[in-house]
Amino acid sequence: MRVGGTGRWSLLPALLAVTVLLSACAAAPKKADSPTATLALPGGEFLFEHSAKDTQAADMVRRAVENAAPGLARWGTFQEPVTLVIHPNHAALERAARRSGYDFLRAWARYEQVEVQSPRTWTRAGATQKQVDELLLHELTHSLMWQASASVSDWTKKGIPIWFSEGMASYTAGQGYRVPSLEDLSRFLHQYPQADPLARAESLYETENATVYGAAHHAFTFLMERYGEARIRGVLAAMRRGQDFTGGFLEAIGLPVDAFLRDFRRYVYLRGFKGGRLTPPLVLPRPEGRGIPGNPKLPAPSAPHSPTSTPPDTTPVAPSPTS
């Protein structure tokens, strides 16, 4: 689930449906081969493409789309049909998504099309219906978000940040259990005050994707709980009327994006989720050269972060539309 001009991807094992990356040319959706490959639901029309070998896998994907409908309905309806192309293996998926070297990739969503690796090839035993349901709900949330906020000609120009797009998809798919907790995020902010997983998600994604997706999920949850579902739909509607994300957020929520993110950082940093402003623990220096776990590109702080300081007051830079 990451941000990209053409689409996004999803993880299976630890983060079944979380992905993001750079933009590429969005391919035009393909047409289904027969009427039996069409699914008409109150929220939209869905077309399915697959080989004969993947007929059973296509049935799982179709059921997943049907099961996703109630969860998607909260954000509106699809303006255009969505084609789900089921690819026979991982290599075929990577070619369709124009991404290589991502072994965790299982799907890639665009405005009118979702590329899906055949569930029979996710593991040696294949995928369960529950796993496919969760993945497709996440992916279709992306497509619905773009269709609710833009036309096919300008959906890559809205500047929707990772935290919003991935947070919405993760929240809708109920994937909070897959991401690091608020306590984990608070510890991260204390230990690495310059490694902002919200405003600087692009620089952290490849090496700290769990933290990026955790921050996105919790930030969107915070937005939902504080401002409500109707105002978030208002953000999408404002973009559909011509605003970019920054303008749509200000119009619907009533405050700038960076002000909201400052509020959320303080909430996490001061552990407001525990019911009070707790004194952050002293962070001891890490051994020289270790850096962030699994991320050698970001060196460890040269000195412990002051327990009385506030989180970094950074302003998010809107990346290309989330994929």
Side-chain angles (χ1 to χ4, degrees), residues 1-2 4 6-20 29-30 32 37-50 54-90 92-93 96-97 99 102 104-123 126-148 165-179 213 217 322-323:
M1 305 174 226
R2 165 272 110 129
T6 61
R8 26 147 278 82
W9 65 68
S10 295
L11 312 179
L12 175 61
L15 296 167
L16 176 62
V18 288
T19 54
V20 196
K30 301 177 182 179
T38 301
L39 174 64
L41 297 173
E45 183 180 5
F46 303 90
L47 313 176
F48 302 85
E49 283 198 350
H50 60 89
D54 278 313
T55 299
Q56 184 175 354
D59 288 341
M60 295 182 74
V61 172
R62 184 186 181 96
R63 284 196 298 274
V65 174
E66 293 176 320
N67 293 339
L72 294 170
R74 72 193 310 169
W75 307 122
T77 59
F78 287 91
Q79 305 299 308
E80 303 289 342
V82 176
T83 300
L84 294 99
V85 182
I86 301 164
H87 298 279
N89 52 51
H90 183 74
L93 171 65
R99 298 291 180 269
Y102 296 98
F104 52 79
L105 193 66
R106 293 295 176 265
W108 181 271
R110 297 181 173 95
Y111 187 91
E112 299 173 288
Q113 187 160 309
V114 179
E115 317 290 346
V116 183
Q117 180 179 334
S118 173
R120 68 178 171 80
T121 68
W122 288 11
T123 67
T128 66
Q129 186 64 50
K130 181 178 179 181
Q131 289 173 322
V132 181
D133 286 355
E134 185 176 315
L135 176 70
L136 265 294
L137 179 52
H138 182 111
E139 299 302 320
L140 288 171
T141 299
H142 284 294
S143 294
L144 180 54
M145 178 197 71
W146 291 320
Q147 291 199 17
S165 63
E166 293 304 332
M168 174 181 277
S170 178
Y171 181 93
T172 304
Q175 293 175 310
Y177 74 99
R178 292 187 177 276
V179 301
Y213 286 114
H217 179 91
T322 95
S323 44

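Residues: numbered from 1 along the sequence shown. Hydrogens, waters and symmetry mates are skipped; everything else that's a heavy atom, side chains included, is used.
Note: H142 NE2 to M168 CE = 10.0 Å, rounded to the nearest 0.5 Å. Distance check: N89 CG to Q117 CD gives 7.0 Å after rounding to the nearest 0.5 Å. In this structure, OG1 on T55 lies 10.0 Å from CZ on R120, to the nearest 0.5 angstrom. A distance of 13.0 Å separates CD in Q79 from OG in S143, rounded to the nearest 0.5 Å.
For E66, the CD atom is densely surrounded, since the number of other residues' heavy atoms within 6.0 Å is greater than 12.
Here the shortest heavy-atom pairing between A169 and Q175 reads O-OE1, 4.1 Å. Heavy-atom minimum distance, L144 versus G76: CD2-O, 3.9 Å. Heavy-atom minimum distance, G176 versus S170: N-OG, 4.4 Å. Taking both residues in full, the closest heavy atoms of T172 and G71 are given as CG2-O, 3.7 Å, listed atom of the first, atom of the second, then distance. Scanning all heavy atoms of the two residues, the minimum distance from D133 to A64 falls at OD1-CA, 3.1 Å. Closest of all the heavy-atom pairs between I86 and S118 is CG2-CA, 3.8 Å.
Between L84 and L136 there is a side-chain heavy-atom pair separated by less than 4.5 Å. In this structure, the side chains of W75 and M145 stay at 4.5 Å or more apart for every pair of heavy atoms. Two residues are said to be in side-chain contact when any heavy atoms from C-beta on lie closer than 4.5 Å; V85 and Q113 meet this criterion. Within the 4.5 Å cutoff, no side-chain heavy atoms of T83 are placed close to those of E112. Contact check for P42 versus T77: no side-chain heavy atoms found under the 4.5 Å cut-off. No side-chain heavy atom of N67 sits under 4.5 Å from any side-chain heavy atom of L137. At least one side-chain heavy atom of D54 sits under 4.5 Å from a side-chain heavy atom of P88. Looking only at side-chain heavy atoms (C-beta outward), Q131 and R106 stay at 4.5 Å or farther from each other.
Ring-plane geometry between F78 and F46 is classed as perpendicular, the angle between the planes exceeding 60 degrees on a 0 to 90 degree scale with a lower cut at 30.
Counted by atom type alone, H87 and E115 present one or more donor-acceptor pairs between their side chains at under 3.5 Å. Counted by atom type alone, Q147 and E80 present zero donor-acceptor pairs between their side chains at under 3.5 Å.
Using modelled atom types, no side-chain atom of W108 and backbone atom of L93 make a donor-acceptor pair closer than 3.5 Å. A distance-only check finds a donor-acceptor pair linking the side chain of H90 to the backbone of L105 [under 3.5 Å].
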Check your understanding: Would V65 and V82 satisfy side-chain contact (heavy atoms from CB on, under 4.5 Å), going step by step from the backbone distance to the final call?
Key -> CA-CA 11 Å; V65 174; V82 176; over 6 Å; no

